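Comments concern the structure below.
Letters A, B, ... mirror the listed sequences (proteins, then strands); counts begin at 1. Keep in mind that this is a model prediction, so the values were computed, not measured.
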Protein chains: 2
Amino acid sequence: MDIRELEIFLVVADLLHFGRASRQCNLSPSALSRTIQRLEEELGQALFVRDKRSVQLTEVGRSFHDYARKAIQDYRSFQVALGGERALSGTLSLYASITAVYSLLPDLVEAYRHAYSDVQLELRTGAAEEAVAQVEAGEIDIAVAALPDRRGARIDFLPIMTTPLLFIAGHQLVEELDLLSRNALELVSMPLVLPQAGLSRRRLDQWLKKNRLVPNISSEVSGNEAIIPMVHLGCGIGIVPQLVLERSPFKDEVAVLSNAPQLDPYVVGLCSNQRTLQKPVVRAFWQLAEQRLAETQLHKT
Amino acid sequence: MDIRELEIFLVVADLLHFGRASRQCNLSPSALSRTIQRLEEELGQALFVRDKRSVQLTEVGRSFHDYARKAIQDYRSFQVALGGERALSGTLSLYASITAVYSLLPDLVEAYRHAYSDVQLELRTGAAEEAVAQVEAGEIDIAVAALPDRRGARIDFLPIMTTPLLFIAGHQLVEELDLLSRNALELVSMPLVLPQAGLSRRRLDQWLKKNRLVPNISSEVSGNEAIIPMVHLGCGIGIVPQLVLERSPFKDEVAVLSNAPQLDPYVVGLCSNQRTLQKPVVRAFWQLAEQRLAETQLHKT
DNA sequence: CTCCATCATTGCGATTAGCGCAATACAGTG
DNA sequence: CACTGTATTGCGCTAATCGCAATGATGGAG
């Protein structure tokens with residue numbers, strides 16, 4: 001009977017759907033199922049009736065829902081009261097992909113430093129791919145990076161913004177190959193400049209596989225930022241997140257191909273493992289981000 | 001942050017002594033120390049000041065004490081409310097040594113059946129030694145037996161009563177060897193009837209070792225109950241818990257040797273492992289026993 | 001002053017619990 | 001009847017937790 005298990009229960013009780021709940025909790029379906037089983041065994045009462053097709057709360061489940069909400073509430077209040085007593089101190093280690101350093105980080109870090117000036121910050125930059133691994137290993141408290149498709153265990157993500165994946169080409173190449181009048185399938189047969197690995201590469205590979213195409217790769221580079229100069233040099237068509245393009249000094253030297261395949265957008269956000277996320281210094285950063293996110297959402301509507 | 005960890009914290013906060021707290025929690029000192037460390041890390045604040053010679057609560061520790069007590073209270077209330085909604089049902093498996101079946105069990109079982117008549121009881125009897133093993137293996141919910149000196153991990157005990165270990169001999173033997181006028185050291189040099197294993201055997205072995213004596217074992221039997229007839233037959237001096245002697249049909253046929261070594265008394269009580277003790281059916285039995293125990297204590301005073 | 005007892009902590013090996021993956025069971029659908 | 005969607009279960013693996021033994025530090029006894 002753990003705070004985390006209570007939270008998991010609340011999600012299931014809210015959604016009444018194990019699969020969706022498991023995704024929301026960043027948990028495999030089996031783990032979620034067994035978590036609920038554990039709770040039910042510990043209480044000696046069933047919390048849900050699984051009706052082969054639907055999930056409903058039992059009477060006991062409803063009582064437990066009240067209890068769980070209150071218990072979590074109490075715990076959070078206590079944590080807040082604790083934070084009020086003493087200013088946070090310690091070290092917060094951040095890891096950010098270059099993409100993220102340009103976009104999200106300044107805002108967040110400024111706000112954090114303003115609120116918790118006693119916390120010493122440690123910022124490391126590197127490839128987005130590495131970020132998740134660092135978080136999993138506990139080397140880093142929070143990574144600010146693109147969210148991978150597949151999430152490891154005990155990792156929490158906080159999506160902050162999305163940015164579309166754009167196909168770009170140098171102006172000269174656009175004219176040479178008459179790129180603007182071609183359809184998506186034709187475009188991806190042109191010479192491509194791709195990252196060796198990473199999310200956008202996987203997205204393209206998925207799309208190619210779905211359409212049974214083999215890419216014509218003119219060059220592979222590491223890192224999204226490096227793609228843009230390569231494209232500028234006319235090596236081929238590149239794929240970059242809009243966010244990266246906007247911050248690039250070459251952004252006016254390349255053209256965006258609007259007649260390109262629609263890949264799923266890049267999602268950028270925070271990434272931390274659930275264990276270190278318990279640390280107050282870390283949780284504060286996370287909650288600050290959530291807060292700013294909520295404000296932004298409100299602002300939009 | 002687990003209910004159990006909160007309880008552990010409360011014990012430490014109450015006793016302000018890690019060693020004693022660890023014994024009260026049936027935990028090794030190291031495990032207890034690390035449990036507190038975990039809590040402190042999770043909260044990001046120290047709960048105790050370890051002053052090289054004394055342990056004191058910090059300010060945060062006092063707040064946490066309030067929180068923990070309330071959280072446990074809430075949980076217990078919820079469990080009670082749960083129990084109120086539906087009568088307990090299921091199976092409770094008990095294991096009792098013969099000694100215990102005669103003494104403690106009738107009271108407890110009757111009270112339990114009266115309170116929770118829907119629970120199906122399963123009673124197995126056997127050697128006291130085996131009881132703890134069965135509990136550890138999870139084969140049995142609760143054992144009613146003598147408490148072993150060394151307790152395994154994750155096992156909870158509830159001492160209910162103590163009974164002294166008595167040296168007994170057949171009347172004929174008392175006269176033959178003039179037992180009543182001999183001192184303790186001489187007595188244990190006489191032929192002895194001992195259980196092959198078990199607590200009373202270990203107690204005697206300890207005493208012998210301390211006094212650098214080698215026993216003169218006339219016969220070894222299994223089980224305390226069997227000792228009495230053997231003693232009655234004049235095989236030698238036996239050692240039995242008073243409780244066993246009282247219930248024995250031979251109790252008038254043997255004499256108690258008051259001039260014998262004083263061994264630590266037998267402690268009889270409940271034994272369960274902390275995991276199955278979470279099951280409501282099991283916890284109910286345990287709490288019922290605690291309740292009756294408290295009433296008895298009150299009665300005495 | 002030295003030796004010893006006490007007490008919290010830490011290193012280490014072993015055990016347990018919790019997770020993800022893949023397979024399974026089962027009901028509704030095209 | 002194949003197929004999809006959904007919860008569960010078998011299994012291997014990793015991480016958490018425990019007990020034992022050693023450590024370090026401290027105050028009291030001889």
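Taking atom CD of residue B/E5 and atom C1' of nucleotide D/dC18, one finds them 13 Å apart after rounding to whole Å. The distance from atom CG of B/D51 to atom P of D/dG27 is 9 Å, rounded to the nearest whole Å. For the pair A/R38 CZ and C/dA17 P, the interatomic distance rounds to 10 Å; values are reported in whole Å. Atom CG of B/D2 and atom P of D/dT17 are 9 Å apart (whole Å). In this structure, the CD1 atom of A/I36 is 14 Å from the P atom of C/dG18, given to the nearest Å. The nearest whole Å value for the distance from the CD1 atom in B/I8 to the P atom in C/dA8 is 15 Å. In this structure, B/N26 places its CG atom 13 Å from C1' of D/dC18, rounding to the nearest Å. A straight line from CG of A/L27 to C1' of D/dT14 spans 15 Å, rounded to a whole angstrom.
Of all the residues in residues 11-21 of chain B, B/H17, B/F18, B/G19 reach under 4.0 Å from DNA chain C with at least one non-hydrogen atom.
The side chain of A/Q37 contributes no N or O atom lying less than 4.0 Å from OP1 or OP2 of D/dA7. Between A/T35 and C/dC19 there is a side-chain polar atom (N or O) within less than 4.0 angstrom of OP1 or OP2. Contact check, A/R23 against D/dT6: no side-chain N or O comes under 4.0 Å of OP1 or OP2. OP1 and OP2 of C/dC7 both lie 4.0 Å or more from every side-chain N or O belonging to B/R50.
If you check D/dG19, C/dT9, D/dT8 against the side chain of A/S33, the one that comes closest is D/dT8. Residue A/P29 places its side chain closer to D/dT8 than to any other of D/dT8, C/dG20, D/dC18. Closest to the side chain of B/S28, out of D/dT8, D/dG19, C/dG20, is D/dG19.
Using bins of under 30°, 30° to 60° and over 60° for the plane-to-plane angle, the ring pair A/F18/A/F48 lands in the perpendicular bin. Under the 30°/60° scheme for interplanar angles, the aromatic rings of A/F9 and A/F64 are found to stand perpendicular.
Taking a cutoff of 4.0 Å between a charged side-chain nitrogen and a carboxylate oxygen, A/R76 and A/E7 qualify as a salt bridge. The pair A/R201-A/D205 meets the salt-bridge criterion, since a charged nitrogen lies less than 4.0 angstrom from a carboxylate oxygen. A salt bridge between A/R4 and B/E42 is absent, with no side-chain N of the basic residue lying under 4.0 Å from a carboxylate O of the acidic one. Checked for salt-bridge contact, A/R38 and A/E41 miss the test: no charged N lies under 4.0 Å from a carboxylate O.
When every heavy atom of A/N26 is checked against every heavy atom of A/F157, the shortest pair comes out as ND2-N, 3.7 Å.
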Taking it one step at a time, do B/R62 and B/D66 satisfy salt bridge (charged side-chain N to carboxylate O under 4.0 Å, His left out)? CA-CA 7 Å; B/R62 276 187 286 276; B/D66 295 340; over 6 Å; no

So which protein N/O to nucleotides 11-14 of chain C N/O distances come out below 3.5 Å?
{"residue": "C/dG11", "atom": "O6", "partner": "B/R34", "partner atom": "NH2", "Å": "2.8"}

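In summary, the side chains of B/S93 and B/D141 do present a donor paired with an acceptor at a separation below 3.5 Å, with no hydrogens or angles considered. Side-chain atoms of B/N273 and B/D156 include no donor-acceptor pair closer than 3.5 Å.
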